[in-house]
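Nothing fancy with the numbering, it's 1 onward along the sequence.
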Amino acid sequence: MYSNKADKKNGIIYGQTGKLKNYKSSHKYPGKIRRVKYHDREQDSVFIFIPNNFDLEASEICLLYKNRWEVELFKWKATS
């Protein structure tokens, strides 16, 4: 895994790009993978995301996941 510059003031602990090394896994998925580790100060929680988008900044990836989670919570509350 190769680390990209982290934006710690925005909660990004690291952004990494790499390839799977395990023989079986690397044959099933030979492409690059991306991993972003994020600390959410509001919840005091750490999240690790494995997105397939290499064009967006790590902070944008985290914001997308956060917004998606809020949609899921809204759907859950609406059906309860």
Side-chain angles (χ1 to χ4, degrees):
M1 295 296 260
Y2 297 97
S3 291
N4 303 317
K5 187 175 179 184
D7 186 4
K8 297 196 183 221
K9 67 179 173 135
N10 286 329
I12 307 300
I13 298 170
Y14 62 67
Q16 298 176 318
T17 304
K19 292 187 117 189
L20 298 172
K21 292 185 176 184
N22 178 291
Y23 177 79
K24 201 173 200 180
S25 299
S26 65
H27 275 68
K28 288 184 177 184
Y29 192 83
K32 294 187 302 183
I33 61 169
R34 183 176 184 189
R35 180 170 60 184
V36 176
K37 188 172 184 180
Y38 169 72
H39 176 250
D40 186 333
R41 290 185 188 107
E42 292 174 16
Q43 298 180 21
D44 193 28
S45 297
V46 174
F47 299 93
I48 298 175
F49 305 117
I50 312 288
N52 60 358
N53 186 309
F54 290 86
D55 297 328
L56 296 176
E57 296 289 325
S59 58
E60 293 173 302
I61 295 288
C62 296
L63 185 60
L64 286 171
Y65 275 99
K66 184 174 184 174
N67 289 335
R68 180 186 169 107
W69 181 246
E70 289 177 15
V71 168
E72 295 299 326
L73 289 176
F74 176 77
K75 288 193 312 190
W76 181 78
K77 288 178 183 176
T79 60
S80 295

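A 6.0 Å sphere centred on CG of Asn22 holds more than 12 heavy atoms belonging to other residues, nucleotides or ligands. Within a 6.0 Å radius of CD in Glu57, no more than 12 heavy atoms belonging to other residues, nucleotides or ligands are found.
Distance alone, capped at 3.5 Å, places no donor-acceptor pair between the Asn10 side chain and the Ile12 backbone. Between the side chain of Lys19 and the main chain of Pro30, a donor-acceptor pair closer than 3.5 Å is present.
In the hydrophobic clustering (ILVMFWY side chains linked at under 4.5 Å, chained through shared members), Ile48 is joined by Ile13, Tyr14, Val46, Ile50.
When side chains are defined from C-beta on, Leu56 counts as touching Leu64, because their heavy atoms get closer than 4.5 Å. Contact of the His39 side chain with the Arg41 side chain is registered, since non-hydrogen atoms from C-beta on lie closer than 4.5 Å.
Between Tyr23 and His27, the ring planes lie tilted relative to each other; the angle falls in the 30° to 60° range.
Considering CZ of Phe54 and CG of Asn4, their distance stands at 10.0 Å, rounded to 0.5 Å. The CZ atom of Phe47 sits 15.5 Å away from atom CD1 of Ile61, with the distance rounded to the nearest 0.5 Å. The CZ atom of Arg34 sits 8.5 Å away from atom CG of Asp55, with the distance rounded to the nearest 0.5 Å.
Across Leu20 and Ser26, no two heavy atoms sit closer than the pair O-CB, 3.3 Å.
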